[in-house]
Amino acid sequence: MADLMPYTTIDDAATPVWERTGDDRDSDTQQVQGRLRDKLGRDITDLRVSVTDRCNFKCVYCRTGNEGAQYAELAIADYLRIVRRFVSLGVEKVRLTGGEPLLQSGLVEMVRELAKMRTAYLPDGTKVPDAAHGQPLDIALTTNGHLLEGLAKPLKEAGLSRITVSMDAVDAETFAKITRVPRSFNRVMAGIREAKAVGLGPVKVNCVLLRGFNDGQIEQFAEFSRREGVIVRFIEFMPLEEDRSWKPETVIRMDEIVDRLNAYRPLVELAPNCASETAKRFTFDDGLGEIGIIAPVSRPFCGACSRVRLTSDGKIRTCLFSQNDHDLYGEMLRGGTDEELDTYIRHVVMQKEARHHIGEPDFQKPSRNMVHIGG
Ligand code: SAM
């Protein structure tokens with residue numbers, strides 16, 4: 001990543017835009033042109049859009065068991081307008097998430113429109129001379145897979161580039177215990193196989209490991225990757241759950257996962273795909289199977305973070321652990337022009353937090369939980 005400033009440990013949690021003075025605003029909007037970049041020199045190229053905070057699973061580590069939406073959803077046209085603004089400022093990857101994004105009835109239409117957009121900057125950071133020189137966006141989706149069997153083909157045809165399916169167990173019984181939805185495992189498996197069949201492979205399968213719950217499954221997940229031809233990614237559990245049950249002891253850390261996998265079969269490390277790659281990647285000594293480990297707790301990657309998030313109700317979050325939302329949709333409702341929205345986005349991005357503080361004495365839980373932010 002070009003011009004990345006030295007990693008810093010200062011706590012610079014965002015100040016709400018509406019509390020700012022004119023002078024603050026002036027000093028924070030120094031970056032008035034060029035590709036979207038925060039004050040630490042991190043290029044913002046990755047936008048995660050939550051298209052609903054409804055979910056048809058009630059995973060024990062995520063939800064309390066309550067159902068239904070807590071926050072509003074926007075019209076698809078409004079999500080698209082917002083994405084267009086971000087793309088015009090340099091975003092290249094858009095990940096659709098939720099809640100459960102497959103519950104959003106306008107999703108296929110949204111992907112079709114996203115597939116028509118083109119990147120606005122060249123890899124060297126210069127603006128493309130015209131739309132014909134832009135590249136198609138990288139359009140990804142994170143889903144629990146429950147409705148995927150019927151939607152994989154239309155999504156692929158609409159232009160979806162790739163898919164990640166969350167799956168926290170490879171046996172039906174444990175899976176149903178975690179999701180609290182009976183017979184969910186077979187439906188998700190059918191969804192994964194259909195995604196592969198229609199050309200959405202290599203499918204990534206994300207697993208959050210919790211001590212005493214599904215940590216017995218590490219080796220089975222390795223077998224699963226080798227057998228099904230999917231990329232399995234273990235994610236360290238973060239304090240983002242609704243019922244605030246996170247404890248450091250519950251987290252299965254990267255070192256422990258690596259030791260367990262190495263005992264199963266020797267691991268071979270793979271090179272990262274890009275500078276902002278969140279996962280450390282491995283295969284096994286025979287080259288069969290791929291495992292990624294995403295370790296936000298034991299090995300934070302904030303220094304290379306290229307992401308911002310849009311919540312289902314149109315708020316920008318500059319970090320999963322932000323204490324504030326930035327009401328971009330509010331700016332739209334007030335009649336903001338495209339130029340005004342661009343200025344607002346640049347201003348918000350300049351306030352992106354340096355890092356999260358998981359496990360530190362001053363850690364404050366974020367103002368929203370994972371399911372209401374968009375994972
Ligand atoms: N419903 C979709 C799904 O299941 O993939 C998208 C939303 S879900 C919130 C996105 C991802 O966040 C899932 O892989 C889920 O396991 C993960 N997740 C939820 N709570 C988490 C936590 N506290 N720590 C780490 N990952 C979490």
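Start at 1 and go down the list; that is how both ligands and their atoms are numbered.
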Nitrogen or oxygen contacts under 3.5 Å, ligand 1 side and protein side:
unit_1, atom_1, unit_2, atom_2, d
ligand 1, 1 (N), Gly99, O, 2.8
ligand 1, 1 (N), Glu100, OE1, 3.0
ligand 1, 4 (O), Ser166, OG, 3.3
ligand 1, 5 (O), Thr143, O, 3.4
ligand 1, 5 (O), Ser166, OG, 2.5
ligand 1, 14 (O), Ser166, OG, 2.7
ligand 1, 16 (O), Tyr61, OH, 2.5
ligand 1, 23 (N), Met238, O, 2.7
ligand 1, 24 (N), Met238, N, 2.9

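Geometrically, Arg85 does not engage Tyr344 in a cation-pi contact defined by less than 6.0 Å to the ring centre and at most 45° from the axis.
For His357 and Phe363, the distance between ring centers is not under 6.0 angstrom. Side-chain rings of Phe57 and His146 approach one another, their centers coming within less than 6.0 Å. For Tyr61 and Phe213, the distance between ring centers is not under 6.0 angstrom.
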Please set out all donor-acceptor pairs under 3.5 angstrom arising from side-chain atoms of residues 103-113, sequence neighbours excluded.
unit_1, atom_1, unit_2, atom_2, d
Gln104, OE1, Gly106, N, 3.1
Gln104, NE2, Val51, O, 2.9
Glu113, OE2, Lys116, NZ, 2.8

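Aromatic ring orientation, Phe321 versus His356: tilted (interplanar angle from 30° to 60°).
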